[in-house]
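One structure is given here, and the rest of the page talks about it.
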Amino acid sequence: MTPERLFRLQGELSRLVEPGGALGEVGLVAGADAAYKGDLAVACAASIDMETMEVAEANFCSGRVSFPYIPGLFALREARILMEALKGLRARPDVCIVDGHGVAHPRGFGIACQVGLALDLPTIGAAKRRLFGAAEGDRILGASGEVIGAILPAGPGRRLYVSIGHRISLPDALRVVERCMRKGGVVPLAIAHKLARARLSASSHTI
DNA sequence: GCGACAG
DNA sequence: ATCTTGTCGC
């Protein structure tokens, strides 16, 4: 599998992304993230109650990762383990926020798209740094004259790049993310991040 | 040729 | 992302 083949595949798959879909009432919003120690990875899917912003359920998946981190191919490293963590949740969340980009990607198919498409789940990509596209004004991320995402202020000197993953519109994605915003960042992602790191630490301390 | 480059 | 001390800001 050459890099060129992977690039072409991402481009083809990007056409399967559903940039809309009716996102009804959101009761559970999941956050998906992973922590690493060498090639050992622990992923956490944290389901958050949209009303209280409290953890309703959390599921983990640990394993070895073989693919290295390459900008643009992040999904090949982390999508599988994130999906396993998500599939293990007893209650299927209404939408999932993934730590990474959605369509704001060189080939329009970031990790949020891949996870959403594979699980047939509405997903949102939320990244702390830009990968593709250019800021158009203060709040819009665009490319080739198209809006590919939004830029949200996220604390002193910090920004959040939001783009759709699958089966959701950008306005709906923004509505969900903004409701999840706190001082510490995006609650579902912050929780998933914290729990993944805690689980990783606990497992590595086991003899 | 040079810079950019999710986690 | 992860490895890590002191340090700047509220």
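Treat the numbers as computed from the prediction; the structure is a model and nothing was measured. A note on names: the letters A, B, ... follow the listed sequences, proteins ahead of strands, and every chain is numbered from 1.
Among the protein residues, A:Arg77 comes within range of no part of the nucleic acid, since none of its heavy atoms lies under 4.0 Å from any strand. Here A:Gly72 lies in heavy-atom contact (under 4.0 Å) with a base. Among the heavy atoms of the strands lying under 4.0 Å from A:Phe74 is at least one base atom, whether or not backbone atoms are also near. Across all strands shown, A:Lys37 has no heavy atoms under 4.0 Å from either base or sugar-phosphate atoms. Contacts of A:Ala35 with the nucleic acid, taken as non-hydrogen atoms under 4.0 Å apart, involve only primed sugar atoms and P, OP1 or OP2.
Taking 4.0 Å as the cut-off between side-chain N and carboxylate O, A:Glu51 and A:Arg179 count as a salt-bridged pair. Note on A:Asp33 versus A:Lys194: no salt bridge recorded, every NZ/NE/NH1/NH2 to OD/OE distance being 4.0 Å or above.
Criterion: ILVMFWY side-chain heavy atoms under 4.5 Å apart, direct or through other members. Under it, A:Leu6 and A:Leu16 are not part of a common hydrophobic cluster. The same ILVMFWY cluster, assembled from side-chain heavy atoms under 4.5 Å apart, contains both A:Tyr161 and A:Phe132.
Counting to the nearest Å, the P atom of C:dC3 and the CG atom of A:Leu40 are 12 Å from each other. A:Asp99 places its CG atom 10 Å from the P atom of C:dT2, with the value rounded to the nearest Å.
In terms of modelled atom types and a separation under 3.5 Å, the side chain of A:His101 and the main chain of A:Arg129 share a donor-acceptor contact. Between the side chain of A:Asp94 and the backbone N or O of A:Gly27 there is at least one donor-acceptor pair closer than 3.5 Å.
Protein chain A contacts DNA chain B from B:dA4 to B:dG7, reading 5' to 3' and using non-hydrogen atoms of the protein with a distance under 4.0 Å.
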